[in-house]
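One structure below.
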Amino acid sequence: MEAAVSTIAPTFPSGADHVRPLPTSWLVPASRGETAMPDRWMPESLRANCEEQATPVSFRVSYELAGFPGDPLVVVMGGISANRHPCANQADPGPGWWRDLAGPDKAIDPRSCRILGVDFLAGPEPDTDSPAESARKFKVTPGDQADAVAAVLDHLGEGAIHRFVGASYGGMVALEFAVRYPPRVGGVVAVAAAHRPHPLGAGIRAVQRAVVDLAAAGDREADGVALARALAFTTYKTSAGLDSRFSPQNIESYLMGKGREFADRTSGRAFNTLTRSIDLGAIRPEDVSVPVSVIAWKEDLNVPLWLVEELVSRLPSVESVNILSSDAGHDAFLLGSGAYSAALQAAVGLGAPRSSPARGVKAPHNLVADDVATAAVRTGVAADPAYGAVMPPLYLSSNFQFQGIGTEPEYDYTRSANPTRDHLCAALARLENGTGAVATSSGMSAVSVVLSLVGADELVLAPHDCYGGTHRLLTGLDRAGRLRARFIDFTEPGRLREELSRGPRMVWVETPSNPLLRITDLAKTARLARRIGAITVADNTFLSPALQRPIDHGFDLAVHSTTKFINGHSDVVGGAVVAADRGLLEEVAWWANASGASQSPFDSFLTLRGVRTLHARVRQHEENAAAVADLLAGHPAVARVFYPGHPGHPGHEIAKQQQKGFGSILSFDLKGGREAARGLTDRLKLFILAESLGGVESLVCHPDTMTHAAMDPAARRQAGITGGMLRLSVGIESTRDVLSDLESGLDAC
Ligand SMILES: *Cc1c(COP(=O)(O)O)cnc(C)c1O
């Protein structure tokens, strides 16, 4: 009975340490702002010699504070390309620079501490000087950055911070902060960071600045920054790490792409000021009186192990040292591996927030069995607190009552959250083995919400034969300048590796593909894409979670048109996104609520009703489809069958490994071409000529003139779609009826 009550009005464990319910928007609350540096403050370089003559300069510093009032404060600072936005939050739902390490259920969890991010000081505002001119006037030291953090703390009325977590350049700033403001910091976590530069690094940075100055003098500042940054990227990974991803032929396009991306958001002045600042770092570790935790990588070329050892040997108070290994080299500090996350979480010292249930992400609660098939049948069942209804009731209400001003009801408005939709989401999350799910008004709105995670200058790699609607949306967004899309053949050997050198933000796959049932290796794709930190998405519509679970193979998101197998009765249009981790789930949920893509309660109710029978339906679908595939393969009117269950299918082996079954969509080519296809579809009685798929009823479709008619004819031919091709969605009618309908139709071909 206890479980029953928590279904509709989940209560969050009260009094438990550092556990927070997620707020209405599903993102932690946050604020952003800026403050001026104190009145008489000036950069150290001016202070040192010409204090009186120095022209007054006005520096401003911007910050972002995410988390719940009263929680311990953790400052995070990253390398020179980082900024005040480490993770998605209410003030800025966009992905942050530390999305793998900061965020709900990450090493630094904003439900257990407040996260303060600060923009680096890069010069006075406004400033129109060239990088060289600016450098002549003043330099910004890591100590100046530490002063900027102190200024933000004063502005916010904060006394001490629990931990200062600094990675790379940010680690230098953290150590400086501890030297200057020992009573204001409980401890420093230095990640891939050292107390001083070393000659190789300083030498490369000097060359970089010379490139920027030279380019700026020729009015090509941005090109200079791009080149300088490209040079830096040669040392961010190990040589073995580079070798596993690139060839000598394509490394250039990767480096230049990275450089240009950086130059789009960083001025030459900021770049030169910050790289010089690293070289001005000169902390005496003996002066750091607070405890320091050190995390470093053996393979880091920028912050080599010998330098980290020097730091550790000279620090008076070392809390912990973690030396990790990764062929990502210096870049490893941005990527959240298990060992690294655990070390960082331990160093921050706030423990793991116990995972709390939240709207849209509730776990099924009254299950006696572990099996997902049981979860599909039983999520939300026998859990009605009002009347003890066995099946969860349908809440159509658009709004929910507040108990009084200042109270927050569990549900307030149906676009944001609705109990009926939450039951569906809980079931889908369980089926796909994700943290949570978001249900949307259509498959395409699910696709659209996921694409909201990609920024304007960021690249999406998608299959050249992806679902037509997805192709159209990606192309449209690309044309409108909202993202960049590239369509590639994922089954071409070596192609993905090559394309990943472009640094895509998102890798989108669809397997099996439509209508040729081509198979993409999920585990391999996830592994390669993860190395460069791309978000991986699999459109899992064709198989449903009953037969394939992309998250189990390392994918971040599984997307569905629930219109198809999940609802399965061809009477609802709907979609869903299931996320492997809570950070991405929150971002997706935020966009679904903000853009109004949420599924209606009634459609959610019907879809959940469909989910109940998913596994039973899929069994019958599969049995019929296998029989149909055999019939087609042995029939003289058929030239070729595309069905991954046949050993001759090029994707058969991978399908066998990553799928629990071969599904019930298949295509075939008729020897008689277009005329034969027309004749057969006219003769079929059970198979209805219609688009869509995955319903209980058997359907036949002519891709050339129906589902794929919008493709230009050349692309259609290239994809292998002919006039004589038909695609079947084999339903769950009796096997005998399905076979006899097809057989008599084919015999007359
Ligand atoms: C149908 C389909 C979609 C689009 O879903 P809608 O519910 O029609 O918006 C996306 N991907 C695939 C693979 C589909 O079959």
Side-chain angles (χ1 to χ4, degrees), residues 442-444 463 465-472 510-518 539 541-544 560-573 617 621-622 624-625 627-629 631-632 635 637-645 649 662-713 715-717 719-733 737-739 741-743 745-746 749:
S442 70
M444 283 320 301
D465 55 354
C466 65
Y467 176 72
T470 305
H471 197 288
R472 175 174 53 203
E510 217 178 288
T511 180
S513 77
N514 183 15
L516 288 171
L517 291 299
R518 286 140 52 96
D539 183 331
T541 300
F542 261 46
L543 286 177
S544 92
H560 280 280
S561 167
T562 56
T563 312
K564 317 294 167 55
F565 287 100
I566 287 181
N567 177 58
H569 292 75
S570 304
D571 51 12
V572 178
V573 171
R617 280 185 283 116
H621 275 298
E622 280 219 295
N624 286 358
V628 164
L631 167 74
L632 292 169
H635 201 282
V638 175
R640 210 172 150 196
V641 181
F642 302 92
Y643 173 64
H649 186 279
F662 299 110
S664 53
I665 311 296
L666 52 92
S667 301
F668 59 102
D669 261 331
L670 284 165
K671 286 186 184 150
R674 186 178 303 274
E675 275 320 301
R678 191 191 311 277
L680 177 57
T681 50
D682 284 348
R683 281 190 297 278
L684 291 173
K685 297 190 174 65
L686 195 78
F687 283 84
I688 304 159
L689 183 62
E691 298 195 353
S692 196
L693 53 99
V696 290
E697 76 290 4
S698 290
L699 299 175
V700 58
C701 149
H702 187 235
D704 198 41
T705 56
M706 296 167 66
T707 48
H708 291 66
M711 273 170 96
D712 75 82
R716 212 152 53 217
R717 293 297 162 258
I721 301 165
T722 65
M725 174 179 285
L726 292 174
R727 185 192 73 191
L728 301 180
S729 171
V730 182
I732 63 169
E733 302 90 345
D737 285 345
V738 170
L739 290 178
D741 189 38
L742 261 179
E743 191 160 21
L746 283 167
C749 271

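- Partners of Arg518 under the salt bridge (charged side-chain N to carboxylate O under 4.0 Å, His left out) rule, at least two apart in sequence or in another chain, are Asp465, Asp489.
- Under the side-chain contact (heavy atoms from CB on, under 4.5 Å) test applied with Phe642, the options Pro512, Pro515, Ser667 reduce to a single match, Ser667.
- Taking 4.5 Å as the limit, every side-chain heavy atom of Val573 sits out of range of all side-chain heavy atoms of Thr562.
- Atoms CG and CG, from Leu726 and Asp669 in turn, are 8.5 Å apart once rounded to the nearest 0.5 Å.
- Here the CG atom belonging to Leu517 is positioned 9.5 Å from the CZ atom belonging to Arg727, to the nearest 0.5 angstrom.
- Using a distance-only test at 3.5 Å, with no hydrogens or angles considered, a donor-acceptor pair links the side chain of Arg617 to the main chain of Ile566.
- Phe565 and His621 have their aromatic ring centers within a separation under 6.0 angstrom.
- When the salt bridge (charged side-chain N to carboxylate O under 4.0 Å, His left out) test is applied to Arg674, the partners found at least two apart in sequence or on another chain are Asp704.
- Between Ala677 and Gly723, the shortest heavy-atom contact is CB-O, 3.8 Å.
- Taking all atoms of both residues into account, the shortest heavy-atom contact from Thr563 to Ser692 is CG2-OG, 4.5 Å.
- The two residues Asp741 and Phe687 have their closest heavy-atom pair at OD2-N, 3.2 Å.
- We find the CG-NE2 distance between Leu746 and His635 to be 4.5 Å, quoted to the nearest 0.5 Å.
- Atom CG of Asp737 sits about 9.5 Å away from atom OG of Ser698, to the nearest 0.5 Å.
- Side-chain atoms of Glu733 do not come within 3.5 Å of backbone N or O of Val738 as any donor-acceptor pair.
- The closest donor-acceptor contact from the side chain of Glu697 to the backbone of Ile688 lies at 3.5 Å or more, if one exists at all.
- In terms of heavy-atom proximity, Asn624 sits nearest to Gly731 at ND2-O, 3.0 Å.
- Looking at His702 and Thr707, their side chains never come closer than 4.5 Å, going by heavy atoms from C-beta outward.
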For this session: Run the numbers on Leu742 and Leu686 for side-chain contact (heavy atoms from CB on, under 4.5 Å), then give the verdict.
Result: CA-CA 8 Å; Leu742 261 179; Leu686 195 78; over 6 Å; no
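- Using a 4.5 Å heavy-atom cutoff, the side chains of Ser729 and Lys564 are not in contact.
- To the nearest 0.5 angstrom, Thr541 atom OG1 is 10.0 Å from Asn514 atom CG.
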For this session: Output, in order, the C-alpha distance, side-chain angles, deciding distance and verdict of side-chain contact (heavy atoms from CB on, under 4.5 Å) for Thr722 and Leu670.
Result: CA-CA 9 Å; Thr722 65; Leu670 284 165; over 6 Å; no
Exercise. Taking it one step at a time, do Phe542 and Leu693 satisfy side-chain contact (heavy atoms from CB on, under 4.5 Å)?
Worked result: CA-CA 8 Å; Phe542 261 46; Leu693 53 99; 3.6 Å; yes
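- By the 6.0 Å contact criterion, CZ on Arg472 is open, its count of non-hydrogen atoms from other residues, nucleotides or ligands being 12 or less.
- No donor-acceptor pair under 3.5 Å is formed between the side chain of Ser513 and the backbone N or O of Glu510.
- You'll find the side chain of Leu684 stays beyond 4.5 Å of the side chain of Leu689, heavy atoms only.
- Between His649 and Pro644 the shortest heavy-atom distance is CG-CA, 3.6 Å.
- Within a 6.0 Å sphere centred on CZ of Arg678, other residues, nucleotides and ligands contribute 12 heavy atoms or fewer.
- For the atom pair Tyr467 OH and His708 NE2, the distance stands at 9.0 Å (nearest 0.5 Å).
- With hydrogens and angles disregarded, no donor-acceptor distance shorter than 3.5 Å links the side chain of His471 to the backbone of Gly469.
- When side chains are defined from C-beta on, Tyr643 does not count as touching Ile665, because their heavy atoms never get closer than 4.5 Å.
- The nearest pair of heavy atoms linking Leu516 to Gly720 is CD1-CA, 3.9 Å.
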